[in-house]
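Numbering of ligands and ligand atoms starts at 1, following listing order.
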Amino acid sequence: MIRVRGLARTFKTKTGDVQAVTGIDFDVRYGEIIGLLGPNGAGKTTTLRMISTLLAPTAGEATVVGADLRTRSRTVRSRIGYVPQGGSTNEHELVEDELILQARLFGLSKAEARRNAGELAKALEFDGLERRKCSQLSGGQRRRVDIGLGLVHRPTLIYLDEPTTGLDPQSRANLWDHIRRLRDEGTTIVLTTHYLEEADALCDRILVMDHGAIVAEGTPDELKRRISGDVISLEIDSGSADLAMEIAADVLELRSRLRTEGHENGHAGKSLVHLTVEHGDAAVVPLLAALGDKGITPGALTVKRPSLDDVFLTLTGRSLREGDRS
Ligand SMILES: Nc1ncnc2c1ncn2[C@@H]1O[C@H](COP(=O)(O)OP(=O)(O)OP(=O)(O)O)[C@@H](O)[C@H]1O
């Protein structure tokens with residue numbers, strides 16, 4: 001469905017060149033949901049904009065739904081749907097008019113446009129809202145209309161840029177169901193997300209991006225399996241965190257160790273120390289004893305199977321959530 005080789009984009013700015021995407025390779029197969037996962041500024045949107053012809057690459061090549069990105073950009077455009085981060089609905093227009101206008105822009109007849117709009121309203125469950133102005137929709141309804149706009153010309157490939165950002169958990173889960181249904185009906189989907197749980201729940205395959213590069217690729221399970229063993233997370237006073245990691249390295253056979261600042265939920269002044277070990281349960285008692293000998297008592301301790309966040313930490317040394325704040 002998509003074949004990308006060496007795709008790169010550099011932006012020239014007053015303060016110098018920004019290498020937004022540094023020469024990436026990836027493939028997307030028919031009927032997959034692919035997630036581009038990464039923190040702010042990782043290059044996800046730039047990648048989507050390039051493979052949707054909205055932004056010219058500075059290097060590299062791509063074939064999208066059978067057409068060359070550079071030489072047949074009009075064909076590519078006619079075969080894909082692109083739903084940008086903020087959507088593209090016009091506040092003052094009626095939902096139905098927006099859908100029909102969009103379909104007509106892609107060359108559909110009035111009758112086809114009307115039929116597709118009606119079918120999508122049913123499929124994405126915003127039927128009954130077609131005569132409302134876009135400004136009168138809830139966040140979740142609006143996102144479904146945005147997706148409808150991307151699909152109204154019946155593309156087989158759709159790009160969704162952060163489809164659920166800003167939605168409440170219920171609307172998010174509801175939108176996930178719709179996205180899965182689209183895939184089951186034969187639409188290939190490439191989406192970007194900051195949410196690990198979204199990538200985990202929704203995507204068949206994940207491309208982890210950081211600093212303009214793909215740093216890992218695989219199914220959610222494959223990525224998690226890369227960090228074999230368990231992750232022990234300890235909350236430690238920031239002043240003692242480095243010593244705690246040294247002590248842990250002395251008494252345990254560590255696969256990896258990472259430290260993040262605990263900014264969230266009133267944990268200022270605390271650090272979170274993440275240790276990957278073969279058998280988490282067996283490691284806890286000797287670890288606590290060794291820390292206790294040096295007067296360190298963790299505020300909290302958890303042992304769990306690695307999450308995608310742990311994968312990201314291990315690959316990049318940073319938490320995705322830290323990236324979110326930058
Ligand atoms: N038009 C532009 N001019 C200059 N720099 C840009 C431009 N567009 C993007 N960038 C830079 O390129 C890098 C990648 O941006 P991009 O929007 O692709 O990241 P992203 O992963 O989509 O981030 P987010 O999750 O915040 O949407 C960032 O450093 C960004 O500041």
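- In terms of protein heavy-atom proximity, atom 27 (O) of ligand 1 is closest to Q85 NE2, 3.0 Å.
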Audit row: L243, I236, side-chain contact (heavy atoms from CB on, under 4.5 Å) steps and yes/no: CA-CA 10 Å; L243 176 61; I236 307 267; over 6 Å; no

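- Heavy atoms of T46 found under 4.0 angstrom from ligand 1 belong to the backbone as well as the side chain.
- With hydrogens and angles ignored, the 3.5 Å screen pairs no side-chain donor or acceptor of E130 with any backbone N or O of D127.
- Each of the atoms 19 (O), 20 (P), 21 (O) of ligand 1 lies under 4.0 Å from some heavy atom of A42.
- Geometric assessment of R172 against the ring of Y195 yields a positive cation-pi assignment under the 6.0 Å and 45° thresholds.
- The shortest heavy-atom distance from P39 to ligand 1 is under 4.0 Å.
- If you check the side chains of T89 and R142, you find a donor sitting under 3.5 Å from an acceptor.
- Put simply, the residue from I33, I34, L223 that forms a side chain to side chain contact (heavy atoms under 4.5 Å, CB included) with R205 is I34.
- Set against the non-hydrogen atoms of H194, the atoms of ligand 1 under 4.0 Å away are 24 (P), 25 (O).
- Nearest protein neighbour of atom 24 (P) of ligand 1, counting heavy atoms only, is N40 ND2, 3.6 Å.
- Considering backbone and side-chain N/O of G43, one or more are found under 3.5 Å from N/O of ligand 1.
- Given atom 11 (C) of ligand 1, the protein heavy atom at minimum distance is V18 CG1, 3.8 Å.
- For the residue pair D161 and T45, a side-chain donor N or O sits within less than 3.5 Å of a side-chain acceptor on the partner.
- In E91, the CD atom is crowded: over 12 heavy atoms of neighbouring residues, nucleotides or ligands sit closer than 6.0 Å.
- Considering both main-chain and side-chain atoms, A20 never comes within under 3.5 Å of ligand 1 through any nitrogen or oxygen pair.
- When only interatomic distances are considered, the shortest N/O to N/O separation between T13 and ligand 1 does not fall below 3.5 Å.
- Ligand 1 has no nitrogen or oxygen under 3.5 angstrom from a nitrogen or oxygen of T47.
- Heavy-atom proximity to T45, at under 4.0 Å, picks out these atoms of ligand 1: 17 (O), 18 (O), 20 (P), 22 (O), 27 (O).
- Closer than 4.0 Å to atom 16 (P) of ligand 1 lies at least one heavy atom of the protein.
- Among all protein heavy atoms, the one lying closest to atom 14 (C) of ligand 1 is G41 O, 3.4 Å.
- Contacts with ligand 1 closer than 4.0 Å are made by no heavy atom of M209, backbone or side chain.
- A salt bridge links D204 with R183: at least one charged nitrogen is closer than 4.0 Å to a carboxylate oxygen.
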Does E162 form a side-chain hydrogen bond (donor to acceptor under 3.5 Å, both in side chains) with T193? I'd like the steps, not just the answer. CA-CA 5 Å; E162 294 186 21; T193 183; over 6 Å; no

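- Judged purely by distance below 3.5 Å, without hydrogens or angles, the side chains of S271 and R259 pair a donor atom with an acceptor atom.
- Proximity of atom 30 (C) of ligand 1 to the protein is not indicated, since no non-hydrogen protein atom lies closer than 4.0 angstrom.
- With a 6.0 Å radius and a threshold of 12 heavy atoms from other residues, nucleotides or ligands, K133 has its NZ atom at or below the threshold.
- The protein heavy-atom contact nearest to atom 9 (C) of ligand 1 is F11 CE1, 3.4 Å.
- Taking every heavy atom of E162 and a limit of under 4.0 angstrom, the matching atoms of ligand 1 come to 24 (P), 25 (O), 27 (O).
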